[in-house]
Amino acid sequence: MAASERPSTATIWTQRQRSALAGGAAAFGLRLGVDQLDRFHQYYDELISWNRRFNLTAITDPDEVLGKHFLDSLSCVLAFPPGDPQSLALIDVGTGAGFPGIPLKLALPGLHLALLEATQKKALFLSHVLASLGLADTTVLNGRAEELGQVAEYRERFDVAVSRAVAELAVLAEYCLPFVRVGGRFIAPKKTGIEEEVKSAQEAISILGGKLMPPISLADPTRQLIVVDKVRPTPRAYPRRAGLPPKRPLGRPRGVAMGPR
Ligand code: SAH
């Protein structure tokens, strides 16, 4: 969309937000140029514009999108494996409107990105945004983690899997670890104070070939990054068929669920 055709919301993403985004990203060691800031701005406009027709996000205030979507997404880089972050193959499982995957790609254009999303209308939005922002080397996978995790083309092919606000950790581990190569990493931005959820995911993580690492604290004390290293291949039986992981989380007596986050 040309700047002149942008919806009127374009005007509420101000210079102040651009500076706050640049400053927040710099705190994660990411330097955003003018073009990159423009693309974040454009992504914001697309999000707000499509959100009028489709329910993509409850968060629309520019400062909140900046903090809770853009910067929270970018925080994942603090848990990236050592080495050049530009060339990583990264999958975002249950990306919704593109979080955390798209902000990471905007900040690190060399990423080989796959955006996995079960809902077709969200996948449609994602394809539109990728074309509109001119993002290369990015694939939208419209499907369920339980199914694509069993497809050879995607199984154990990624250096990093990220996933935010999709499921409790034991379930997320079953969705994400099958995609990660041995030596790679699974990163989940989560709220703080979830020790019980983490503890009750430990057995699942181990069964799936993962090793829970110490969490990474963030400047925002309400947020943290859960980090799981992939140390062994995931047994073939996982992920189980669609719907089973949340219904019967691994390593848990039957019927004990812990809620979505
Ligand atoms: N990660 C985004 C969206 C969170 S909402 C954010 O942080 O804003 C959770 C999203 O995960 C929804 O869009 C839902 O369709 C998707 N989802 C849930 N279970 C899934 C599964 N098993 N496979 C693929 N996508 C899934």
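Note that ligands are numbered from 1 as they come in the structure, with each ligand's atoms numbered from 1 the same way.
Which of Arg164, Lys121, Gln120 comes nearest to atom 7 (O) of ligand 1 through a heavy atom is settled by distance: it is Arg164.
Interface of Thr119 with ligand 1, defined as ligand atoms under 4.0 Å from a residue heavy atom, comprises 15 (O). The ligand atoms of ligand 1 that sit less than 4.0 angstrom from a heavy atom of Glu146 are 21 (C), 22 (N). Close approach of ligand 1 to Thr95 (heavy-atom distance below 4.0 Å) involves ligand atoms 1 (N), 2 (C), 3 (C). Applying the 4.0 Å criterion to heavy atoms of Ala145 picks out, from ligand 1, the atoms 21 (C), 22 (N), 23 (N), 24 (C).
By the salt bridge (charged side-chain N to carboxylate O under 4.0 Å, His left out) test, Asp220 is found to be paired with no residue, residues two or more places apart in sequence or in another chain being considered.
The pair Asp63-Arg16 meets the salt-bridge criterion, since a charged nitrogen lies less than 4.0 angstrom from a carboxylate oxygen.
Residue Gly94 has at least one N or O atom closer than 3.5 Å to an N or O atom of ligand 1. Of the polar atoms of Val166, none of the N or O atoms is found under 3.5 Å from an N or O of ligand 1, judged by distance alone. For a threshold of 3.5 Å applied to N or O pairs, the pair formed by Lys122 and ligand 1 contains at least one separation below that value. For a threshold of 3.5 Å applied to N or O pairs, the pair formed by Glu117 and ligand 1 contains at least one separation below that value.
In terms of heavy-atom proximity, Ala79 sits nearest to Val227 at CB-CG2, 3.8 Å. Summarising the geometry of Pro81 relative to Val160, their closest heavy-atom pair is CD-CG2, 3.7 Å, with the distance given to 0.1 Å.
Under the 4.0 angstrom criterion for non-hydrogen atoms, Gly98 is not in contact with ligand 1.
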